Each structure stands twice: as structure tokens, then as C-alpha cells.
Colleague: 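I am attaching a structure below and will ask some questions about it afterwards.
Here is how names work: the chains are called A, B, and so on, in the same order as the sequence lines, proteins then strands, and each is numbered from 1. Small disclaimer: the values here were computed from a predicted structure and weren't measured.
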Number of protein chains: 2
Amino acid sequence: MQISKVKKLFPLVTVDVALFTVVDGGLRVLIVRRENDPAPDKWALPGGILKPDVDKCLDDTAMRVLSSKVAVDVRHLEQVTTVSGAERDPRGWSISTAYYALLAGELVPAVAGASVKAIDWCDPTDLQDRLAFDHEFLLNAALTRLRAKVRQGALPLHLLSQKFTLTDLQRACEAVLGTRLDKGAFRRLIKDEPSLCLLPGEYLRGPQRPAQLFQAATGFQF
Amino acid sequence: MQISKVKKLFPLVTVDVALFTVVDGGLRVLIVRRENDPAPDKWALPGGILKPDVDKCLDDTAMRVLSSKVAVDVRHLEQVTTVSGAERDPRGWSISTAYYALLAGELVPAVAGASVKAIDWCDPTDLQDRLAFDHEFLLNAALTRLRAKVRQGALPLHLLSQKFTLTDLQRACEAVLGTRLDKGAFRRLIKDEPSLCLLPGEYLRGPQRPAQLFQAATGFQF
DNA sequence: TCAATAGTGTCTCTTAGACAATATTGA
DNA sequence: TCAATATTGTCTAAGAGACACTATTGA
């Protein structure tokens with residue numbers, strides 16, 4: 001059986017990941033500059049090819065892709081959608097499952113690893129056709145999904161450092177949603193949230209009233 | 001290149017579809033009794049293998065699967081999730097993208113076609129381990145997605161015949177959600193819904209006050 | 001007239017949004 | 001004391017839920 005024949009019978013199976021973090025109060029997504037074919041020198045979401053002999057499932061593929069780009073551990077990974085077709089990748093009939101992942105804001109030491117010329121943390125709402133393939137569509141799908149979840153009341157604690165104030169949390173939600181939130185209303189909403197764990201006696205101090213510190217409750221799931 | 005080698009490098013790519021309809025005011029999903037390996041004689045969601053030479057994308061695969069089971073045209077198809085792994089299908093490393101589809105209530109002339117011994121329209125909330133593979137998981141994911149959409153205010157007009165009354169629509173929403181809705185509140189919600197098109201002078205008559213008929217507005221998208 | 005369902009109105013309670021007031025620190 | 005931010009409180013308008021009322025037909 002020839003390779004060309006195989007390529008007609010089996011699609012290329014890949015994974016692409018939108019890794020979000022918060023920098024200076026703004027949401028950012030990791031993009032990489034491709035070294036190899038196809039689309040060399042073009043920007044894209046970090047992605048990789050499924051290795052059935054290595055990956056237990058596609059989630060593993062996504063984790064493997066991320067760990068080759070980012071030194072620190074990613075705290076949340078969630079599947080968004082699957083795109084497919086003969087035209088979307090010049091290598092032939094392909095399938096790509098898109099994920100999004102969340103990274104704590106301070107830790108952005110991403111590295112340009114193998115087959116990547118450069119990286120950038122860019123504003124996901126302002127990409128101006130920088131992305132190759134259908135990655136702009138995938139990124140928009142990921143952002144829409146993330147926003148829907150936060151709008152429904154999910155708390156993006158994975159975007160924060162381990163200990164955080166309620167203002168930190170509000171800023172993270174605002175960064176995700178792209179809108180300002182009212183302080184009073186926000187605090188009413190999260191007042192009885194079981195996923196928030198108040199740290200008694202621990203405060204963030206500064207030239208103002210100290211702010212109560214919180215951490216995610218054990219077993220917290222975004 | 002041997003087939004066994006190919007199977008280790010390329011996953012099996014399939015599609016499974018949860019086709020919903022409403023019968024006697026209750027939500028139903030189509031399940032089929034498998035004829036062939038794997039899992040012969042077991043019930044499952046209708047599914048099929050991707051044919052890259054035939055299908056333009058996975059949505060096409062899903063449509064092809066449905067058209068082999070159901071004689072009439074399916075009015076809505078939406079992707080739910082993608083599952084993957086070496087264990088979920090005995091044939092080896094596999095990927096399956098799950099969809100749900102909606103069918104107008106009266107039209108349930110599904111046929112037991114090729115490689116299917118029998119069909120059944122069963123209550124999706126009461127399946128008692130009838131389904132093979134991980135199809136119960138896929139069905140639950142599909143139902144959850146459908147319910148979320150209706151709860152957010154989407155109107156499942158695709159479950160209704162072309163002309164319908166507001167009571168018909170309320171019954172369909174109730175069937176999807178599995179709860180009773182208040183008539184007054186429901187009508188308040190849909191009062192200014194642009195996807196509903198009142199048919200002037202057209203009424204459903206019976207031994208009671210006639211009911212105004214509606215149809216989906218042109219360009220309606222669920 | 002009656003049964004049956006269509007369609008509308010009303011009341012209350014909750015909540016979101018806007019905004020104000022108070023609290024507590026470092027400088 | 002003052003600037004700055006944390007935290008809490010208040011007012012209002014809009015909406016959800018429950019329930020009742022009126023409308024219109026066939027039998």
C-alpha cells in the first residue's frame with residue numbers, strides 16, 4: 001500500500017490549542033510562528049499531529065503540544081470543536097480538534113521550541129488575519145466558548161495565581177468578557193460560591209485597605 | 001505497508017448521530033440494532049465511517065449516515081463533541097465525532113437499512129444501559145447540549161411541522177427540557193421573537209377557541 | 001350551555017444594574 | 001490627614017414564576 005493511497009483513505013488527524021492567559025489586565029492568546037511546511041513563517045495556534053502509539057486520547061495530544069511550547073503546567077484544558085475537510089490543510093483531507101487552555105497570568109515563560117521560530121502573546125480580539133489555515137475560526141470558537149462559560153457564572157480561577165483577591169478575580173472575568181463589571185453586583189454573585197475558599201487572616205497589603213485573599217476550593221473544576 | 005501498520009499510524013474516524021424527535025409529547029432518540037461486528041445485536045446510535053473520497057467534511061458523513069436510516073430530510077444537524085482513544089472501539093485506536101439532529105415530530109418513518117437489524121425510538125432519559133461502546137456518554141452530551149440551547153431561549157422549531165401553534169412550540173420545549181413550563185411566562189418570552197412568523201388568518205380549529213398558526217421566519221437558524 | 005383550549009392580565013418576589021457610603025491601610 | 005482601594009449597603013427597574021381571568025370555538 002502506497003503512502004498516497006493511505007492518504008486518500010485516512011485523514012490527517014491533528015490538534016490545535018488556544019492557550020489563554022491574562023497580561024496587564026488584558027486577555028492574551030499564544031500564537032507561534034511556524035518553521036516547517038505547510039505555511040512556513042506564518043503565525044498559527046500551536047498544534048500537532050496525533051500519535052496513536054503515544055497518546056491515549058486527543059486530550060493527551062493537546063497536552064503534549066502544550067508541554068512542548070510552555071514550560072509551566074497548564075491548569076485547564078477543554079475541547080471546543082472539530083473541523084474537517086480536504087481543503088483546510090494543503091497536506092490533504094484532515095481533521096483538527098480544537099481546544100482551549102488556561103494559564104495563570106504571571107507565568108508566561110513560553111518557549112519557542114521545536115519547529116517554532118517565534119512566539120507571541122496577542123490580543124485574541126485583534127488578530128487582523130495573522131493566522132494561517134482556519135485558525136482564526138478555531139480561535140473565535142474557543143473564545144466564544146470561554147466567554148459563554150464565564151458569563152454563565154463559571155469562575156476562571158485557572159487564570160489567577162494560587163492566592164488572589166476578589167478584585168483579581170473580577171479583573172480576570174472582565175479580561176475574558178471584554179467588558180467592565182460592577183463591583184457590587186459581581187461580589188453579590190460570587191458571595192456564596194463554593195469554589196472560593198477564603199484564607200483566614202491572609203491579606204494582600206498595599207497603600208490602601210488590605211484585600212482578603214482567596215484560593216480555589218479543593219476539587220475545583222472550571 | 002501492511003494494514004496492521006496503517007491501523008497503528010492512523011485512527012479509525014467515525015461519526016455517531018443522536019437523532020431526536022417528539023412523539024406523543026415526549027422526546028425520543030433513534031437507536032439501531034447493529035448487524036455487523038463489532039457489537040452485533042447490540043443497540044447503538046446510528047453511525048458510520050468517514051469516507052474521505054465521498055465526504056467533503058464530517059458534517060457530510062453525518063448526513064450520509066442519517067440519510068441511510070431516515071427517509072425524510074433532517075432539518076438540523078449540529079456537532080456536539082469528539083471522543084477518542086484506543087479502548088473505546090475494539091477495532092483499535094478510533095475517533096468519533098458526535099452530532100445531534102432534529103426531525104419534525106410527525107415524520108418518523110425511519111427505516112432499518114443496511115447493516116441494521118431493527119430500529120427504535122426510545123426515551124433518551126431512560127436507556128438502562130442499552131447502548132454499546134460509549135454511546136450513552138455521547139447521547140447524554142447531545143441531550144445536554146440541546147437542552148442548554150433551548151434553556152437559553154433557542155426555539156426548537158425543527159421538531160415541529162411547518163405550521164404550528166404556540167402551544168405546539170411550548171410542548172416541544174417541554175419535551176426537550178423534561179419539565180413543564182408556565183404558559184404565561186412562555187408566551188411573554190417568545191412574544192417578540194423574530195424567528196416566529198405569524199400566519200395572518202390561519203388558525204388550527206377544534207372543539208375550542210382557534211389557535212393562531214405560525215411558521216419559522218425565513219432564514220431561521222436554530 | 002358546556003367543555004376545552006387559546007390568549008391575556010396581575011401579583012409578588014427575586015435579581016441585575018447603577019450608585020453611594022463606609023472601612024482600612026501606607027505614605 | 002489624604003489618596004487609594006476594599007467592602008458593604010441602598011435604590012430602582014426589569015424579569016421570572018405562579019395564578020387567575022377572559023375569549024372563542026364545536027358539540
Colleague: Starting from P on D:dT7, measure out to CD on A:Q170 and report it in whole angstrom.
Modeller: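 Interatomic distance, CD of A:Q170 to P of D:dT7: 11 Å.
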
Colleague: Taking the side chain of B:K183 as heavy atoms from C-beta outward, which of D:dT5, D:dT25, C:dA6 is closest to it?
Modeller: C:dA6

Colleague: Provide, to the nearest angstrom, the distance between the CG atom belonging to B:L169 and the C1' atom belonging to C:dG7.
Modeller: 15 Å

Colleague: Would you say the side chain of B:L102 lies within less than 4.5 Å of the side chain of B:F222, judging by non-hydrogen atoms?
Modeller: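 The answer is yes; the side chains approach within 4.5 Å.
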
Colleague: Got a donor-acceptor pair under 3.5 Å from the side chain of A:R188 to the base of D:dG9?
Modeller: no

Colleague: So B:F214 and B:L199, do their side chains get closer than 4.5 Å, heavy atoms only?
Modeller: no

Colleague: Measure CZ/B:R151 against P/D:dA16 and give the value in whole Å, please.
Modeller: 15 Å

Colleague: Roughly how many Å is it from CG in A:D192 to P in D:dT8, rounded to a whole number?
Modeller: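 Interatomic distance, CG of A:D192 to P of D:dT8: 12 Å.
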
Colleague: Would you indicate which nucleotide in C:dT24, C:dT5, D:dT7 comes nearest to any side-chain atom of A:R187?
Modeller: D:dT7

Colleague: Grab the CZ-P distance between B:R205 and C:dT5 for me, whole Å please.
Modeller: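 One finds 17 Å between P of C:dT5 and CZ of B:R205, rounded.
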
Colleague: Can you check whether A:V176 reaches A:R147 side chain to side chain, under 4.5 Å on heavy atoms?
Modeller: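 Yes, at least one pair of side-chain atoms sits under 4.5 Å.
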
Colleague: Nearest-nucleotide wise, let me know which of B:D182 and A:G206 is further upstream toward the 5' end of DNA chain C.
Modeller: B:D182

Colleague: Does A:E174 reach the main-chain N or O of A:L181 with its side chain, forming a donor-acceptor pair under 3.5 Å?
Modeller: yes

Colleague: Is a side-chain N or O of B:T165 found less than 3.5 angstrom from the main chain of B:L213, in a donor-acceptor match?
Modeller: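 Looks like no, no N/O pair under 3.5 Å.
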
Colleague: Under 4.0 Å: is that the gap between some side-chain N or O of A:R209 and OP1 or OP2 of C:dA23?
Modeller: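 Indeed not, no polar side-chain atom of A:R209 lies that close.
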
Colleague: Can you figure out which of C:dA6, C:dG26, D:dT25 approaches the side chain of B:A211 most closely?
Modeller: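 The answer is C:dA6.
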
Colleague: Regarding A:T167, tell me which of base, sugar-phosphate or nothing describes its non-hydrogen contacts under 4.0 Å with the strands shown.
Modeller: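 Sugar-phosphate, backbone atoms only, no base.
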
Colleague: Quick one: B:L189 CG to C:dT8 C1', roughly how many Å, whole number?
Modeller: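 Nearest whole value for this atom pair: 15 Å.
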
Colleague: In whole angstrom, give the distance that lies between atom CZ of B:R180 and atom P of D:dA16.
Modeller: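 Going from CZ in B:R180 over to P in D:dA16 covers 20 Å.
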
Colleague: Could you tell me the separation between the CZ atom of A:F186 and the C1' atom of C:dA18, rounded to a whole number of Å?
Modeller: 17 Å

Colleague: If you assign each of B:A185 and A:L166 to its closest nucleotide in DNA chain D, which residue comes earlier from the 5' end?
Modeller: A:L166

